[in-house]
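Single-structure report; data block below.
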Amino acid sequence: MQNIKQDAILSIKNVSKNFPGVKALDQVSIEVERGTVHGIVGENGAGKSTLMKILSGVHPKDSGTIIFDGELVENTTPILSMKSGLSIIYQELNLVSTMTVGENIFLGRFGELGGMQHVHEKAKGLLESIGSHVTTYKLVSELSVSEKQMVEIAKALSFDSKLIIMDEPSSSLTADEMKALVKIIHHLKAQGISIIYISHKLDEIFEFCSVVTIMRDGHIIDTKPINAITRSEMITKMVGRTIENEYPKRPNCVGETLMEVQSINTKKLHDIAFKLHRGEILGLVGLVGAGRTEIVRAIFGADRIKGHKIIMEGKLIKIRKPSDAKKAGIALVTEDRKTQGLVLPFSVENNISMAILDKISKYGFLNKSMETEIAERHVKSLDIKTPSIKTTVQNLSGGNQQKCILGRWLEINPSVLILDEPTRGIDVGAKYEIYLLMKQIVENGGAIILISSELPEVLNMSNRVLTVCEGRITGEFDPKDSTPDQIMSKAFASERKE
Amino acid sequence: MTSKYEFKKIFESIFKEYLILGAIAVLVLVTSVVQPAFLSVGNLSNVIRQFGPLIMVALGMTFVIIGGFIDLSVAGIISLVAVVTVHFIDIAGQGPALLIGLGIGLACGILNSALLLTSGALTQAEALFITYGMSLVYGALALIISGGSTKHIFWSENNTNLFEIIGSGSVGFFSTSFLIFLICLMVLYLLQNYTYAGRVMRLTGGNKTAAELCGININRSIIFIYAISGLMSAIGSIVLISRVTTASPVIGTGYETNAILAVVVGGTTLSGGKGSVMRTVLGTMLVILLSNCMNLLGVSVYLQYVLKGAILVIAIWMDNRKQS
Amino acid sequence: TDGTATKGNDSTSTNGTTDAPVKVAFIAQNMATEAMAFAAKEFEKYGADYGFEVIILDAKGDAQINVQAVDNAVAQGVKAIFVTPNDINAIIPSLQSAKEAGVIVGMFSSDLPEGNHDARDFFVGVNDNQAGEAAAQAFINHFPDGANIVEIGGQAGHDAQNKRHDGFNNKLEGTNIKVIDYKATQQWATDQAMAIAEDMITKYGSEIDGIFCHWDNGGTGVIQALKAAKMDNVYLVAVDGCRAGFEQVKSGEQSVTIMQNFSNMTKKSLELAKDKLDGKEVESVNFIPLDIVDLDNIDTFTAPEW
Amino acid sequence: MNILGYCKKILYLVNKQKAFLALILMFTAMLFFKTNFYTPFNLINLMKSGSVLLILAFGITIVLVAGGADLSIGGVMVVSGIVAIKLMNVNVPMAIAIICALLVGVVVGMINAFFSVYQKTEPFIITLGMGMLLTGIAQQLTDAHPVASLNPEFVLLSNGKLFNQIPNQVIVMFGVFVLTFFILRYTSFGRNCYAIGGDYEVAKYSGINVMRTKALAYVYSGVIAALGGIMLSSMLNSGNSTYGENTALLVNCGVVVGGTSFAGGIGGAQQSLIGLLVFAVLQNSMNMVGVDSYVQLLFQGIVTVGIIWLDSYGRKKRRETV
Ligand SMILES: Nc1ncnc2c1ncn2[C@@H]1O[C@H](COP(=O)(O)OP(=O)(O)OP(=O)(O)O)[C@@H](O)[C@H]1O
Ligand SMILES: Nc1ncnc2c1ncn2[C@@H]1O[C@H](COP(=O)(O)OP(=O)(O)OP(=O)(O)O)[C@@H](O)[C@H]1O
Ligand SMILES: [Mg+2]
Ligand SMILES: [Mg+2]
């Protein structure tokens, strides 16, 4: 334990972090050497961002020690960590959209600079040093995503950082911008600044990281010098887990075509077309931002789009708004429970009955006993753990909240159930119950579209998998005959053919 | 043993939920000790009559606030309805005049919602200022129609006994205005808790996005919300002019703030989705009782303002603390 | 622009030979009150008789806008302004500058405080103090053996309300008429007057011999409260003499209304302004007598139009 | 090309600034009426008549930018004016009386901040209650009678004229405008307010002391409202509880019409200036043209609704194109 390497800028030891229902980090230890670019890879939800947020002081850690630049870090805050020389470019952009570029770079530090004039001058210098020519007086809300990204990088540089964490900085950069970023990274490295680089684009990892750490499910799987690992090894380590009893036996009852989707085209999506069969679970795999959510929102009529076709049981149907989809027997469980699914101040009962209000009302009056009956039935059959159906849904755990939403949609007897990240933030037990439920639905003749960032989940549950990359469907797999590596290589953005 | 424990728990939860009941109890207790006349039948029926106009407006406002919006135009609607109703007694007779008044209230409410929907102004702040502007418009119309002068109901050549019945008549033990209140409360309670429309209005304030993704028509709900507010303001206005037998073009002044306060003090939160008409009844009761009791206790009218402000601030603050 | 009156009207000639009517302004303290709306109408009606074109400006019940209205009238190049102040102190500085600009300033209905009379040329109106006193006198006359009176005020802080209150109470001082309670309303709102009356009836019951309500339309509410309590022996006095008060007296529901004659006030104001324009000296203080109207003498008065 | 660019930019700004457009329209319309609108005397009056409300507006602009709301300003204005006059009338020197009156604003600002910032109570409703309470205090202090100042110098504070032309209160108003403009634009406190109103969480993570900054905004609004009250009482030479009745909503409405967002993060002193000027010019010009006072009220309502409607509609369109 004594032999902390003198040249380690950051050493993380046995750090753990629990979120309600999720063990996001479990005894994680990493050492980052001075002046290196340290890559971290791992599936969605592996815990990469969480670890970085603990380093920067956004989240407190539950246990473990962190030593940064030779000093023990306790009770840090974002600003303290930045001032101590550790800055971070968050995965979700961390800018005030109503303010200018220059101000965002020096947010909270105007006083130290002596006047707004200096703010813009310095900001301009910083941006130019990374090859960006954004006017510093422009509002952030007027920037493109990649321009915003550059602003974030400039912001990190504006501190005299010894270590810069980049959490998926390249996910939205153009090729030119990416080149500039690579240059910057080399430049920083030359100055002795260390970098933690998180990315799903494995090419980048190989291009300029000297060490790579692979994470999965809150654990560190391995840390290796980059020249000691191959690409396929890396993917295997990222996704390859063999867990027997986490999933029920895959249902096998695929029948004739139930729904056909043709030519969905939006700014983000290109020529999306696929078929869904009766009794089938269709998995959509892709990276964050690949466009999976947009596809299902388009099908469900949640976003207004034109020119697409949806054919249900051979009949062309028009879906302009969610109620049309509901009528056609399509249900959507959204990815963001809190903002798009639940009505937090409502009771469990009222949340469950939301989609069938019109069915349980007669002459405008709600049949409350029927509502209660339905709610109780779902609470029982889905085993929702709640003191009573009158309890405010806010007070339930994530898994039980999710089950309420599932119950809501099961009640309309959907022929197509779309599940967008149905198990996000849910513990293993509850997950299993949800899987059983899915099985039951398809066995009863329904069909499911499953979006999940957990590859094993998709692989174990689906009868067929489509990979989505940058708004296009890039591949179709039978999960029984394909390896995770094959599938992921179609999902990774850097693998696209021009 | 358990029943005792449960009783305590129920009591606690009621008290926590309805902190305001405690405030009302204290107020009633103190006043009736100092001034026994407070508990006289005469005074209680006075309180009920005074309650009349404000409660109507506040009940309507409850729907608006639960729906996640706010309505400052009620003051203007009350004045406009008052003026128009009295104006039409001579022209069309009392029954039609009354219906015209109610229709105007409804129309004003629908116009408000149309402005919000067409401009996509679906935040509370936008609603605040649009309805404020509309309040000026309705108030101005009231002044223009009346020429600025107050008109008394009994100046009319037509029969006005309908208004006399509403204002000062009674059915059995209850005054007519109390019966109107009971009917409105019952209808609105049913509407809020037992109908599709009521649930959807609540959903509008609870989570618009989620409701829309469940295939619910939010726009229709918003129209409905403001229509109720407009209609209830009109009913309040008619109860008010019947009570005082005169319609001044500025008769609605101050009703918007008092109604909002009554709703919020009752425990319906401005963030939407939560609350009930029953709470508003309690909130209005507190607001009305506060001035009744202070008048009886001989508190000077200036100090009344101070105390009223202080009690409201504290009530809202306590409610806020309880929730967080 | 036509180049007239960059600073008041001193640049224009006042020879009065032109046929165009002379522009004057009536500044109402609040056009949303019937008294002011009526007064404004009277000004418009009689203005032409004196060769004036009267523009009406509304202070909307706000002392600040009242001042702005004075400035605005001066900017419009009027020859004379008739002002009803929301706040008699507040209006003084603006009137001074109006006078400096050569505009004739007439106070209407309320006068400036003592010592500031040089900020205006003349005052026409009833004395609200006197209105209060007259109301007190009515009680003194009616109750030689003393009585308990409840006073219900107008808008707290309003000038007329304050003066009526002060005049009433000063006059009663030392008499056997006792004011047992006093409450002012927050606006001149009938329902507020009614609620106060109801509460007072609860509190004092039959102890109440008389009620002084500061305005007739408030009195309407008091009458409703009395009716509901079946108290028909209460002596109700109110101020204004508007149509409501007049008819309430006629029907016996109200005992006395203290009548302000706005038509006469208007005509007098216009007349004084004309005299002043013609260079004549005018009387500084012109009270239009208040009429105490009760059932006995009501037939001697013409019914008011407002 | 360059000129075209400038034209485009101006058009863009005008389109974004509906209130400015309204202002321009009104000024243009007044060219077609034969009135004394365009006389220096009237234009100075125009500024003078709007100045107290403008002063208050600049105060709340900072609160709104920081994502708060302050409806207590009417009450503060009234109480501070009364306090100043009452103190002077018991022979307290004017300077000290004024400082005490300003302290009223500080105290109210701190109370508002306590409730709405530290206790996270809905600012809209809590400051509304505070405003009511303050009106009561004003009545209590004065027995609901106007109090006139006995100190002859006090009147000059507002009514004295620079170069015998421009009333002091207009100068004070411009002073507060410049101060607020400067604070919001060039100080870290001001920029932090924008950050907090724009995104509370991001501001917090950037190390801004969000609570203290927001609290300070409330105090600023309180002090400026108190200053407005002093200028008003000096202008009117009198303090009275009735002065502040509709002030709070009127000023907030003007500020919002000017383009400062009630949701925070957007706006500024210059916008508030325009927003309140819309109403001042509207009233002045309608008086000049001789519009009936009830119809004036109607127009005021229509203009308010119109501008806010257009703004919201513009935002909706922008949302839909994204
Ligand atoms: N604030 C939070 N509250 C609850 N759970 C959280 C929170 N933040 C993250 N999690 C959960 O912690 C786990 C790790 O998430 P994290 O964001 O660290 O993953 P990641 O490796 O960064 O994934 P990605 O590649 O998608 O960015 C996930 O299961 C996530 O749902
Ligand atoms: N919360 C958000 N805020 C801003 N942009 C977002 C957000 N969520 C998604 N996006 C953007 O929208 C686009 C499409 O994302 P979408 O959610 O459809 O992808 P997805 O494949 O479903 O990803 P996920 O794994 O997150 O569900 C992406 O460019 C993404 O950056
Ligand atoms: Mg992440
Ligand atoms: Mg998604």
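Within every chain, numbering begins at 1; the chains are lettered A, B, ... in the order of the sequence lines, protein sequences first and strands thereafter. Note that the coordinates shown come from a computational prediction; the quantities given were computed from them, not determined experimentally.
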query: Which pairs pass side-chain hydrogen bond (donor to acceptor under 3.5 Å, both in side chains) with one or both residues in residues 282-292 of chain B, sequence neighbours excluded?
result: Asn43(B)-Asn292(B), Asn292(B)-Asp199(C)
Atom pair [atom1] ([X]) and [atom2] ([Y]), whose distance is rounded to the nearest 0.5 Å:
X: His152(B); Y: Gln248(C); atom1: NE2; atom2: CD; value: 6.0 Å
X: Met31(C); Y: Ser149(B); atom1: CE; atom2: OG; value: 10.5 Å
X: Leu39(B); Y: Thr202(C); atom1: CG; atom2: OG1; value: 11.0 Å

field: Side chain to side chain, Asn295(B) and Glu198(C), heavy atoms closer than 4.5 Å
entry: no
query: Taking C-beta and beyond as the side chain, do Val244(B) and Thr220(C) meet within less than 4.5 Å on heavy atoms?
result: no
task: Please report the C-alpha distance between Thr190(C) and Ile251(B) in whole Å, then the side-chain angles of each, then the deciding distance to 0.1 Å, and finally whether the side-chain contact (heavy atoms from CB on, under 4.5 Å) criterion is met.
output: CA-CA 8 Å; Thr190(C) 310; Ile251(B) 198 167; over 6 Å; no
- request: Please state whether the side chain, the backbone, both or neither of Leu297(B) comes within less than 4.5 Å of a heavy atom of chain C.
  value: backbone
- request: Can you tell which part of Leu296(B) gets under 4.5 Å to a heavy atom of chain C, answering side chain, backbone, both or neither?
  value: both
- line: Ranked by heavy-atom pairs below 4.5 Å to chain B, first place among Ala244(C), Ala225(C), Gly221(C), Ala189(C) goes to Ala244(C)
statement: Comparing Gly205(C), Ala40(C), Ala184(C), Ala193(C) against chain B, the one with the most heavy-atom pairs below 4.5 Å turns out to be Ala184(C)
- prompt: Hey, which residues of residues 27-35 of chain B are touching chain C, say heavy atoms under 4.5 Å apart?
  reply: Gln35(B)
[X] versus chain B, heavy atoms under 4.5 Å apart: side chain, backbone, both or neither?
X: Met36(C); answer: neither
X: Tyr204(C); answer: neither
X: Gln192(C); answer: neither

Check against side-chain contact (heavy atoms from CB on, under 4.5 Å), Trp188(C) and Thr150(B): CA-CA 12 Å; Trp188(C) 299 85; Thr150(B) 300; over 6 Å; no
- request: Indicate the atoms forming the closest heavy-atom contact of Arg243(B) with Gln224(C), along with that distance.
  value: O-CG, 3.5 Å
statement: Nearest heavy-atom contact between Ala37(C) and Gly147(B) is CB-O, 3.7 Å
- prompt: Do any of residues 226-243 of chain C come closer than 4.5 Å to chain B, heavy atom to heavy atom, and if so which ones, in number order?
  reply: Arg243(C)
- request: Can you check whether anything in residues 250-263 of chain C gets within less than 4.5 Å of chain B, heavy-atom wise, and list it by number?
  value: none
Verdict with reasoning, Met194(C) to Gln50(B), per side-chain contact (heavy atoms from CB on, under 4.5 Å): CA-CA 9 Å; Met194(C) 184 168 173; Gln50(B) 289 171 16; over 6 Å; no
Most chain C-contacting option - heavy-atom pairs closer than 4.5 Å, from Thr246(B), Thr245(B), Asn46(B), Leu143(B): Asn46(B)
task: Determine whether the side chains of Ser248(B) and Asn217(C) contain a donor N or O and an acceptor N or O closer than 3.5 Å.
output: no
